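Here the structure is laid out as structure tokens; the discussion comes afterwards.
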Amino acid sequence: MSTPNGNGRVITMGQAIKEALAEELRRDPTVYVMGEDVAEAGTAFKVLKGLVDEFGPERVIDSPISEPGITGLGVGAAMTGMRPVVDIMFGDFSTLIMDQMVNQAAKIHYMSGGKLKVPMVLRTTMGATRRSAAQHSQSLHAWFSHVPGIKVVIPSTPYDAKGLLKSAIRDENPVVFFEDKMMYQLKGEVPEEEYIIPLGVADVKREGSDITIVATSSMVQVSLAAADKLAEIGISAEIVDPRCTFPLDKDALINSAKKTSRVIVVDEGYERYGVTAELASVIADGAFYYLDAPVKRMGAMDVPIPFSPVLEDLTVPTPDTVFEMAKTLCGAA
Amino acid sequence: MAKAKGTKAKSTKPAGKPAGKEDVEDLLQMYEQMVRIREFEDKVNELYTSAKMPGLAHLYIGEEAIAVGVCEALNSDDYITSTHRGHGHCIAKGAAVDIMFAELLGKAAGYCGGKGGSMHIADQANGNLGANAIVGGSAGIAAGAAFSAKRLGTGQVAVCFFGEGALGQGLLYETMNMAQLWKLPVIFVCENNMYNEYTHYNETAAGTLTGRAEAFGIYTEEIDGQDIRVVNEAATRLVERARKGEGPAFLVCNTYRYHGHHVGDIDRAYYRPKEEELEWQQRDPITILADWIINQKLSDQSVLDHIQADVKSEVARGAEFALNAPYPDPSEVDTNVYA
């Protein structure tokens, strides 16, 4: 477990992301940030507030509202010596950039026989319960995870977000970095000194022995809360965070499943054909003889995310629903 | 991997000239490059129709003056992005025909190790960032390359080749907007061969073609794409302009696709009359330049014939090399997915 030793320094996820960008902008003059309202406004979520003051509008660049254009420009810049960080305000706008990511960025290295490469990062958001309705609430990381040539990062803590974003910027491939917009204010320990976290290494967020809960992004926090409740009734839950959907640390998931024999996979993407299906399949395949129960999946309900808070809250896993599922799976009704 | 001989065409010359190329050597170089494309494409047609080439082949025959006229105005480290009809651009930017044939046949010796093929050929050593099988799909890439050149202060320019069919794509306009906002050194070269696959552009493009770029305040010209001297002169000016930091340009080159959309598109009467095809062939770009060279007494027919014969033989050798070259090892199937 990589419990960060922040020597007591606690910052928010948003601050951690901004720190990662600032450090990489400082370290490498080819890094730039481009997106809608990223400069003076510091993004719609104010995460980058102040970044332009240090690096100027030449490197923290406000763009037109042209998601395919800024993504395509990023692909071309990445192919020719820059390291773009493209900001797509809402993950829902992934629909607009799919050609540039899927047909261009993901395939250029392969199609050119390895001669060209696209070292770019696309930062975007995910997550419901912000009362933003159906076009600003989806978690569409499964789409990118489906495409060979792309890496996908879904951090769950400030510490992970910072270390993984720095790795993503240094990576030689297109990396999509999903930030849960409900977690920007989440606080956690982050050390002053520089560190990076390699892509594709899972992290055990809580050790346990009775059941494994594989959780991503904000679902890690949901699952940690569920684990607290489970402990109260004598069930010891292990929380494993893959941190990336690709590269995927299959061994970490399988080893935990072998240890506990019961697994729930929780992810905020749609359950249908989603990340949970892939992770559950990996576990079922790799730990089949160790499992005492089928691997259960929990994702967003298969509906467009509704606006009304009463309805929206029903669509995503919560500590209570994860707790109930774990309890049932452990036969502790 | 078999070692390729690399019968590389003479590379493009340093820029810096104020106008198009008029020296006899330069004109003969442009003639040779156009002939190289014509001969290459004729051979592709032959390989394809004799079932020796898999996949699809979109021939550039008839449009040679544009690729060559533009690329001869570039330095070898300037960038281009190309289209599904991209063999001409690739050759014009300095690629070797034998390695190109190898790529088209899916052989290990090809520019992309056989992984790209006709529609994805890339030659980064000569600044060719790749052909693109998504219509208009490379506009952002070309502008991104121009963005890099500007930020890194390299003085390079980027040329985005596309057909008039791409004028229906939104990405192109998003990119033009940013290119002009940020004065990027990118030249949008619209090869108007009049047909979006099988549909005349009058049925697909409202307004004027140049009006699109003019709306962004982009410097725009529309020229005869069959006369390479006109193309090269315009391209040279636009490249110099971009290199000096004066921003992007939009160049419409009117031209004609002699063959169908792809090699298999043989029955074309339903979308364009035979008379139109014959009429355009009266304005053949290679003949126009040859006539100029002869009429101006800059050279004589025997020199042109010699070039033609040499290139024909080079292309024949290149195709033979590719036909005999080995396919990629099966172990290559999952390499280069990630860098």
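Below, chains carry the letters A, B, ... as their sequence lines are ordered, and counting in each starts from 1. Values in this document were obtained by computation on a predicted structure and should not be read as measured data.
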Which one, [options], leads in non-hydrogen pairs under 4.5 Å with chain A?
options	value
B:Ala339, B:Gly116, B:Gly140	B:Ala339
B:Thr175, B:Thr154, B:Val333	B:Val333
B:Gly117, B:Gly137, B:Ala122	B:Gly137
B:Glu103, B:His120, B:Arg151, B:Glu332	B:Arg151

Does any heavy atom of chain B fall under 4.5 Å from the side chain of [X], the backbone, both, or neither of them?
X	answer
A:Lys115	both
A:Lys151	both
A:Glu58	both
A:Thr71	neither
A:Ile65	neither
A:Leu96	neither
A:Met34	side chain

*asked:* Can you classify the ring geometry of B:His84 versus B:His261 as parallel (below 30°), tilted (30 to 60°) or perpendicular (above 60°)?
replied: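 The rings of B:His84 and B:His261 sit tilted, inter-plane angle from 30° to 60°.
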*Using the ring of each side chain (for Trp, its six-membered ring), is A:Phe144 parallel, tilted or perpendicular to A:Phe178, with breaks at 30° and 60°?*
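The arrangement is tilted - the two ring planes meet at 30° to 60°.
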Where on [X] is there a heavy atom nearer than 4.5 Å to chain A: the side chain, the backbone, both, or neither?
X	answer
B:Ile121	neither
B:Asp123	neither
B:Leu129	both
B:Leu181	side chain
B:Val186	neither
B:Tyr79	side chain
B:Tyr338	both

*asked:* Apply side-chain hydrogen bond (donor to acceptor under 3.5 Å, both in side chains) to residues A:Thr43 and A:Asp37 and explain how you reach the verdict.
replied: CA-CA 5 Å; A:Thr43 79; A:Asp37 295 321; over 6 Å; no
Out of [options], which one racks up the most heavy-atom pairs below 4.5 Å with chain B?
options	answer
A:Thr30, A:Ile150, A:Asn103	A:Ile150
A:Gly114, A:Pro84, A:Ala106, A:Pro68	A:Pro68
A:Lys117, A:Lys107, A:Met79	A:Met79
A:Gly81, A:Ser63, A:Ala105, A:Pro64	A:Pro64
A:Gly149, A:Pro247, A:Pro174, A:Gly74	A:Gly149

*Look up atom CE in A:Met126 and atom OG1 in A:Thr216, then write down how far apart they are to the nearest 0.5 Å.*
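Interatomic distance, A:Met126 CE to A:Thr216 OG1, rounded to 0.5 Å: 5.5 Å.
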_From B:Thr220 atom OG1 to B:Phe188 atom CZ, the distance as rounded to the nearest 0.5 Å_ =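 If we round to the nearest 0.5 Å, B:Thr220:OG1 and B:Phe188:CZ are 10.5 Å apart.
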Would you confirm whether the ring centroid of [Y] sits within less than 6.0 angstrom of the ring centroid of [X]?
X	Y	result
A:His136	A:Phe93	yes
A:Phe90	A:Phe45	yes
B:Tyr60	B:Phe40	no

*asked:* I'd like to know if B:Arg243 pairs up with B:Asp78 as an ion pair, taking the criterion as any Lys NZ or Arg NE/NH1/NH2 lying under 4.0 Å from an Asp or Glu carboxylate oxygen.
replied: yes
_Test: A:Glu23 and A:Lys162 ion pair at under 4.0 Å_ =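 A:Lys162 and A:Glu23: salt-bridged.
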*Can you list the steps and then say if B:Asn75 with B:Gln156 is a side-chain hydrogen bond (donor to acceptor under 3.5 Å, both in side chains)?*
CA-CA 8 Å; B:Asn75 297 337; B:Gln156 293 159 289; over 6 Å; no
*List the steps and the verdict of side chain to side chain contact (heavy atoms under 4.5 Å, CB included) for A:Leu25 and A:Arg59.*
CA-CA 8 Å; A:Leu25 281 160; A:Arg59 298 188 67 201; 3.6 Å; yes
*Check the pair A:His141, A:Thr245 against side-chain hydrogen bond (donor to acceptor under 3.5 Å, both in side chains), reporting the backbone distance first and the verdict last.*
CA-CA 8 Å; A:His141 47 298; A:Thr245 54; over 6 Å; no
*Without swapping roles, check the side chain of B:Lys115 against the backbone of A:Ser112 for a donor-acceptor pair under 3.5 Å.*
no
